[in-house]
There are 2 protein chains.
Amino acid sequence: MINKEEFRKKIIESAREIFSRYGFKKTTMDEIASSLKIGKSSIYYYYESKVEIFEAVVLHEANILRNELTTAIKSVESPTDKMRNYVFVRMKAFEKLSNYYNAIFDKSLSHFDFIETIRVKYDREEMAILRLIFYDGARKNVFNVANSEYTAMAVQTTLKGLEVPLFWKKKEVNIEERLDAILDVLFNGILKK
Amino acid sequence: MINKEEFRKKIIESAREIFSRYGFKKTTMDEIASSLKIGKSSIYYYYESKVEIFEAVVLHEANILRNELTTAIKSVESPTDKMRNYVFVRMKAFEKLSNYYNAIFDKSLSHFDFIETIRVKYDREEMAILRLIFYDGARKNVFNVANSEYTAMAVQTTLKGLEVPLFWKKKEVNIEERLDAILDVLFNGILKK
DNA sequence: CGAATTATCGACCAATCCATTCGAAATTTG
DNA sequence: CAAATTTCGAATGGATTGGTCGATAATTCG
């Protein structure tokens with residue numbers, strides 16, 4: 001019916017739902033298996049270990065995020081709209097992603113260096129995107145930035161700071177409602193009049 | 001600073017968040033404890049067991065639901081609006097509550113007869129409320145019900161049927177979007193022109 | 001103060017859970 | 001049919017976790 005590679009993808013899709021809901025530790029191989037209607041031991045025919053599946057899931061998730069971000073930017077023209085869309089999608093995504101982290105930073109994270117690798121890679125990609133937006137914004141005279149590299153760095157740092165409350169989940173943060181306030185902070189001193 | 005009874009409540013509040021997120025089985029005493037910044041063994045000074053805490057949480061949750069439902073009904077005048085509000089709050093609540101069930105119907109549910117007790121009690125309360133709404137609706141000539149008792153029973157059965165997809169979580173159900181369709185089903189043959 | 005009471009905790013235990021292995025059976029392929 | 005692919009049940013061993021207990025800390029109160 002379906003070849004091995006296809007079924008590997010199916011496993012990732014199912015595992016994604018469960019991992020994103022319960023995190024790494026609380027997710028069991030039994031759950032993943034039964035969500036696919038196969039026996040637990042069958043999974044090991046497709047993947048070597050739970051960690052391997054988790055890595056594949058996180059990678060998948062990262063790719064989805066990258067796509068969402070690029071389309072969010074492409075869908076509008078003006079630099080301010082691009083920023084607005086970018087920030088919105090990013091915060092929304094992080095809200096979801098924080099579930100994964102949640103369960104990782106429990107203990108024994110030594111296995112999860114690969115997440116840091118992905119993270120670093122994405123920071124770089126994000127920098128490139130932000131730099132471009134600000135460069136474009138300066139050229140079009142809507143942003144007041146002398147150095148787009150520097151501004152991009154500052155904004156990225158601010159964004160990371162905004163992630164913290166999401167990460168620690170003191171409280172649900174309603175992104176929709178807070179977006180304008182967040183953009184106010186980000187645009188502080190950048191937006192021309 | 002705070003007396004024993006107060007702290008018991010605090011425990012329930014904390015445990016509520018965790019149980020509602022992870023269900024009974026996936027929630028650990030360690031988590032409950034550390035969310036309160038106390039040691040695991042200290043919890044046993046306030047409660048005898050995990051099950052006892054869980055029961056208190058479910059009871060608490062049930063009370064909250066009852067309050068929400070009664071205020072939802074009181075807040076409007078017309079019988080159709082009352083139904084709309086009632087159904088909305090009920091479905092919303094069940095969506096959340098299903099997390100608890102989720103983890104219970106795993107196995108060894110013998111301990112959880114008390115949930116059935118609560119359930120039965122609430123079915124009765126619900127029937128009383130529905131009967132009243134329909135009786136009032138018939139009197140005000142907006143509903144076409146000959147026997148409000150019978151209609152209430154039928155509606156309750158339908159509502160229970162609608163819970164099923166929420167319970168089994170094949171997919172997220174967007175209550176906001178589906179509400180009108182649900183009400184259409186419920187009002188079928190009841191609403192006067 | 002000092003003793004009684006209240007509250008917290010670390011260390012420990014037994015039961016269960018759970019990721020993983022393995023060999024055998026089932027199923028598909030050719 | 002035989003070979004290759006796929007599924008699975010049973011077993012295991014190490015980690016997890018609900019719960020106990022006795023030892024202290026902290027608080028109360030005469």
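Lettering of chains follows the sequences in order, A, B, ..., and the numbering in each one begins at 1.
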Report the distance from atom [atom1] of [X] to atom [atom2] of [N], rounded to the nearest whole Å.
X	N	atom1	atom2	result
A/Lys4	D/dT5	NZ	P	8 Å
B/Lys26	D/dT16	NZ	P	15 Å
B/Lys40	D/dT20	NZ	P	11 Å
A/Lys25	C/dA19	NZ	C1'	14 Å
B/Tyr45	D/dT20	OH	P	16 Å
B/Tyr22	C/dC17	OH	P	20 Å
A/Ile53	C/dA19	CD1	P	10 Å
B/Ile11	C/dT8	CD1	P	9 Å

A/Tyr46 vs D/dT7: side-chain N/O to OP1/OP2 distance below 4.0 Å: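 Yes, such a contact exists.
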
Phosphate OP1/OP2 of D/dC8: any A/Ser42 side-chain N/O under 4.0 Å: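 For D/dC8, OP1 or OP2 has a side-chain N or O of A/Ser42 closer than 4.0 Å.
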
salt_bridge(B/Glu95, B/Arg178) N-O dist < 4.0 Å: no

Salt bridge present between B/Glu126 and B/Arg90 (N-O < 4.0 angstrom): yes

Sugar-phosphate, base or nothing in reach of B/Thr28, heavy atoms under 4.0 Å: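 It contacts sugar-phosphate atoms only.
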
Non-hydrogen side-chain atoms of B/Asp136 and B/Leu132 separated by less than 4.5 Å: no

Please tabulate, for the side chains in residues 35-43 of chain B, all donor-acceptor contacts under 3.5 angstrom to protein atoms that are two or more places apart in sequence or on a different chain.
from    : atom 1 : to      : atom 2 : distance (Å)
B/Ser35 : OG     : B/Ser14 : OG     : 3.4
B/Ser35 : OG     : B/Ile32 : O      : 2.7

Residue B/Ser41, side-chain heavy atoms: nucleotide from D/dA10, D/dG19, C/dC9 that is nearest: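 Selected nucleotide (nearest to the side chain): C/dC9.
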
